[in-house]
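Below: one structure, written as structure tokens.
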Amino acid sequence: MKFNKEHVDTLSSARAGTIETAHGDIKTPIFMPVGTVGSVKGIHMKELNEDIKAQIILGNTYHLYLRPGTGILEQAGGLHKFNGWGKPILTDSGGYQVYSLSENRKLNEEGVVFRSHIDGSKHTFTPENVMDIQRKIGADIIMAFDECTPFPCDYKYAENSMKLTHKWLDRCIQQFENTECPYGYEQNLFPIVQGSVYADLRKQSAEYIASKNANGYAIGGLSVGEPVEVMYELTELVCKYLPTESPRYLMGVGTPANILECISLGVDMFDCVMPTRNGRNGMLFTSEGIINIKNEKWKNDFSPIDSNGTSFVDPFYSKAYLRHLFVANEMLGPMIGSIHNLAFYLWLVGEARNKIIEGEFSKWKTIMVKRLQHRL
RNA sequence: GGGGAGAUACCAGAGCGGUCAAAUGGGACAGACUGUAAAUCUGUUGGCGCAGCCUUCGGAGGUUCGAAUCCUCCUCUCCCCA
């Protein structure tokens, strides 16, 4: 994998570049739609590709391991062939599930024992087998196994957790180097910075991770409930210690405004369930602000969802019609909401890239952030 | 014509002497959602000067310290038989 950093903003740390992978190039900054179980919920590959213009999507190790299982994925020839997405894929390691499914797991030095949320069966995840699973899934970018710390999190816990994540990283690297992709193309392992909300731990973690000479670096453990200002401060801090010549991935972020702010801090890659989950639940992100399409005020608004939108759904359906679909509990409503939001997110990062290249990013960002947060 | 059942908040429907401004669904309205256990979850849904008070359970009377709950009559609905 190669990262060509093409432009750097003069007034901020924003960068525009290209990541070259075995399944094609990714123009950064980029937003990656989340397809946990191998499916971006409610979205056809054709829409994802042609309409939303996604360049890379996510999958999840924990979920794909449980269902359909690595056996099926190997038989299929990897996730790309299984789900029909020929472009790059990134898989999360299950580190987020250590946090989100904390009720259903036991953590120790060796790894994590999960009690399956599907059938209650027990499954041990270690840095080694998480690498093996991600090899079999066959994603272009695979993530180190980490513990995403909760918020709030006391210093001692954060410190121990960070040290554990570092030890696990070394084991991940070891296993990664001793194995290869069963499908014959290149995979890349991204290490993850932890350290909760503590600046000294974050610095320590970033420096540790940066020493690993990886093809990309991720920032984890943020957007788990801490104030946004804290998230921005720590992202800024961590970016200072991560190599400038490699892509940086801020995991799980975020709102459109979060993304623009963090692009300006030097982040290149983002993923978040927000455009799909919130889109399914009737919350639309637009360049004019946020719409709750279920609200009564849209019932007789026959104007387009977004007349300047980039997806075919935007001028094609009216707000009144989309509201009707949600109120009537029609599955088309959540599908349109998801397509719109994803297309908007991809438009937003594409526009950010253009502005960086044009040297207009900082000015544009300031105006956009205000508009994006406005509630319509 | 004979016999039976019932009328409860926007709708359906519990409640069958006090702990009832009235369960539970649905609907309506609003909110939440950040590496997805989520087509999910939460709140509000008689009025007000709101830790209290006022007016509500088809209508009118009555019994009782106290009635959505018991009695009488009235109005209306549904079911069965002829």
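In what follows, chains carry the letters A, B, and so on, assigned in the order in which the sequence lines appear, proteins first and then strands, with residues in each chain numbered from 1.
- Considering only the side chain of A:Val253, B:rU34 comes nearest among B:rG35, B:rU34, B:rA39.
- Residues satisfying the side-chain hydrogen bond (donor to acceptor under 3.5 Å, both in side chains) criterion with A:Tyr183, sequence neighbours excluded, are absent altogether.
- The CD1-P distance, from A:Ile263 to B:rU34, rounds to 20 Å in whole Å.
- Between B:rG46 and B:rU55, the two C1' atoms lie 8 Å apart (nearest whole Å).
- When heavy atoms are screened at a 4.0 angstrom cut-off, A:Thr276 is found touching base atoms of the nucleic acid.
- Nucleotide B:rC78 forms a Watson-Crick or G-U wobble pair with B:rG4, both donor-acceptor distances falling under 3.5 Å.
- Comparing the same atom, P, in B:rA28 and in B:rA5 gives a spacing of 37 Å after rounding to whole Å.
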Output a table of nitrogen or oxygen pairs between the protein and nucleotides 27-30 of chain B separated by less than 3.5 Å.
| from | atom 1 | to | atom 2 | distance (Å) |
| --- | --- | --- | --- | --- |
| B:rC29 | OP1 | A:Arg323 | NH2 | 3.1 |
| B:rA30 | OP1 | A:Glu296 | N | 3.3 |
| B:rA30 | OP2 | A:Glu296 | N | 3.1 |

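- Sorted by first then second residue, the side chain to side chain donor-acceptor pair (under 3.5 Å) pairs that include residues 269-287 of chain A, not counting sequence neighbours, are A:Tyr249-A:Asp271.
- Taking A:Arg15 as the reference, A:Asp268 meet the salt bridge (Lys or Arg N to Asp or Glu O under 4.0 Å) condition, with sequence neighbours excluded.
- Whole-Å rounding puts the A:Phe31 CZ to B:rU34 C1' distance at 9 Å.
- Summarising the base pairing, B:rU63 is matched to no nucleotide, lacking a Watson-Crick or G-U wobble pair whose two defining distances lie under 3.5 Å.
- Regarding A:Phe190, its CZ atom lies at a distance of 18 Å from the P atom of B:rG35, rounded to whole Å.
- Applying the Watson-Crick and G-U wobble criteria (two distances, each under 3.5 Å), B:rG25 pairs with B:rC11.
- Between A:Val34 and A:Asp92 the shortest side-chain heavy-atom distance does not fall below 4.5 Å.
- The six-membered or imidazole ring of A:Tyr62 lies away from that of A:His123, with a centre-to-centre distance of 6.0 Å or more.
- Taking the centre of each ring, A:Phe344 and A:Phe285 stay at or above the 6.0 Å mark.
- B:rU42: Watson-Crick or G-U partner is B:rA30, with both key distances under 3.5 Å.
- Summary of the strand contacts: A:His63 and A:Gly282 both lie near RNA chain B, and taking for each the nucleotide with the nearest heavy atom, the more 5' one is attributed to A:Gly282.
- Contact annotation for A:Gly221: base contact, defined as any heavy-atom pair under 4.0 Å involving a base atom.
- The aromatic rings of A:Tyr321 and A:His324 sit tilted relative to each other, their planes meeting at an angle between 30° and 60°.
- Proximity of the aromatic rings of A:Phe270 and A:Phe31 is defined here by a centroid distance below 6.0 angstrom, and this criterion is not met.
- Taking for each of A:Tyr96 and A:Asn329 the nucleotide of RNA chain B with the nearest heavy atom, the 5'-most of the two is the partner of A:Tyr96.
- Residue A:Val34 has its side chain nearest to B:rG35 when only B:rA37, B:rU34, B:rG35 are considered.
- Residue A:Gln97 places no side-chain N or O under 4.0 Å from the OP1 or OP2 atom of B:rG35.
- Across all strands, A:Gln194 comes closer than 4.0 Å to base atoms (heavy-atom distances).
- As a whole-Å value, the separation of A:Leu101 CG from B:rA38 P is 9 Å.
- Within 4.0 Å (heavy atoms only), A:Met283 reaches at least one base atom of the nucleic acid.
- Computed from coordinates, the A:Arg277 CZ to B:rC33 P distance equals 10 Å when rounded to whole Å.
- Between the C1' atoms of B:rA9 and B:rC79, the separation comes to 27 Å (whole Å).
- The side chain of A:Cys272 approaches B:rG35 more closely than any other nucleotide in the set B:rA38, B:rG35, B:rA39.
- Using C1' as the reference atom, B:rG17 and B:rC65 are 12 Å apart when rounded to the nearest Å.
- Using a 4.0 Å heavy-atom cutoff across all strands shown, A:Asn278 reaches at least one base atom of the nucleic acid.
- If you take atom P in B:rG1 and the same atom in B:rU56, they sit 37 Å apart, rounded to whole Å.
- Every ring pair (Phe, Tyr, Trp, His ring centres under 6.0 Å) that A:Tyr99 has, sequence neighbours left out, goes to A:Tyr96.
- Counting non-hydrogen atoms under 4.0 angstrom, A:Asn258 reaches a base of the nucleic acid.
- With C1' as the reference atom, B:rA22 and B:rU45 are 14 Å apart, rounded to whole Å.
- Base-pair partner of B:rU56: not found among the strands shown (Watson-Crick or G-U wobble, both distances under 3.5 Å).
- Distance check on atom C1': B:rG59 versus B:rA68 gives 15 Å, rounded to whole Å.
- Under the ring pair (Phe, Tyr, Trp, His ring centres under 6.0 Å) criterion, A:Tyr217 pairs with no residue, sequence neighbours left out.
- Distances were taken from every side-chain heavy atom of A:Cys148 (C-beta onward) to each of B:rG35, B:rC33, B:rA37; the shortest belongs to B:rG35.
- Within the 4.0 angstrom heavy-atom criterion, base atoms lie near A:Ile192.
- B:rU69 is unpaired under the Watson-Crick or G-U wobble criterion, no partner having all donor-acceptor distances under 3.5 Å.
- Looking at the side chain of A:Thr255, the nearest of the listed nucleotides B:rU40, B:rU34, B:rG35 is B:rU34.
- Using a 4.0 Å heavy-atom criterion, one finds that A:Arg115 contacts no nucleic acid atom at all.
- Under the Watson-Crick and G-U wobble criteria, each requiring two contacts below 3.5 Å, nucleotide B:rC20 is left unpaired.
- With rounding to whole Å, A:Ile118 atom CD1 is found 9 Å from B:rA38 atom P.
- Distance check on atom P: B:rA12 versus B:rG4 gives 26 Å, rounded to whole Å.
- Whole-Å rounding puts the A:Leu222 CG to B:rG35 P distance at 12 Å.
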